[in-house]
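Note on naming: letters A, B, ... go to the chains in the order of the sequence lines (proteins, then strands), and numbering restarts at 1 for each one. All values below come from the heavy atoms of this structure, side chains included, with hydrogens, waters and symmetry mates left out.
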Amino acid sequence: MQYWLMKSEPSTFGLKQLAAAPRRTTGWDGVRNYQARNMMRDEMKKGDQAFLYYSSTEEPGIAGLMRIVKTAYPDPTAFDRKDHHYDPKSDPENPTWFMVDVQLERALKRIITLEELRAHENRELKGMALLRRGNRLSITPVSAAHWKFILALE
DNA sequence: GCCAACGTTGGC
DNA sequence: GCCAACGTTGGC
């Protein structure tokens with residue numbers, strides 16, 4: 001089993017929407033970056049766990065735990081002219097963009113902030129992709145050791 | 001709102 | 001294939 005971190009802006013999508021969704025499950029659509037797509041499409045497996053990370057907010061950090069409940073399938077928002085993530089270059093016969101389904105496992109008891117993660121970036125969390133300088137990827141892998149350590153911080 | 005970092009686009 | 005221009009991300 002693998003572990004992941006998936007970014008979302010809480011003003012757009014967060015725990016509230018996820019908790020209210022049927023079966024607390026939603027499609028993680030709108031990813032338009034090739035590296036992130038490749039990880040979703042080629043590496044994410046059913047049963048993998050993921051952190052829900054809040055970005056572009058007063059207090060960036062990890063807010064919840066999710067599970068991958070459906071492996072990659074074509075992202076229909078890429079074909080919807082009215083959708084903000086519409087991509088005219090993506091051919092429905094040979095889709096460019098993919099999504100997975102995630103289920104909310106639980107909210108964390110508190111947000112584990114980016115600041116707190118950074119406090120460990122040279123020791124326990126050394127090498128964590130999220131903390132790499134200039135990182136902008138919306139989906140990054142998390143090692144089992146890092147996953148365990150972060151949960152222990154909670 | 002600023003801006004560094006990085007991905008994408010398109011002219012050549 | 002190079003690279004300047006441009007757009008986006010995301011912390012601060």
Contact class for A:Y53 vs. all strands (heavy atom < 4.0 Å): base, sugar-phosphate, or nothing?
sugar-phosphate
Under 4.0 Å, heavy atoms only, any strand: does A:S55 hit a base, just the sugar-phosphate, or nothing?
sugar-phosphate
Using the rule side chain to side chain contact (heavy atoms under 4.5 Å, CB included), only one of A:K45, A:E43, A:M39 pairs with A:Q2; which is it?
A:E43
Partners passing side chain to side chain donor-acceptor pair (under 3.5 Å) against A:W28 (at least two apart in sequence or in another chain)
none
Show, in sequence, the C-alpha distance, side-chain angles and deciding distance for A:L108 and A:I62, and conclude whether the side chain to side chain contact (heavy atoms under 4.5 Å, CB included) test is met.
CA-CA 8 Å; A:L108 292 193; A:I62 296 167; 3.6 Å; yes
Residues two or more places apart in sequence or in another chain: which of them pass ring-ring contact (aromatic ring centres under 6.0 Å, His included) with A:F98?
none
DNA chain B: 5'-most and 3'-most nucleotides touching chain A, 4.0 angstrom heavy-atom criterion
B:dA5 to B:dT9
Output yes when A:E116 and A:R110 qualify as a salt bridge under the 4.0 Å nitrogen-oxygen rule, no when they do not.
yes
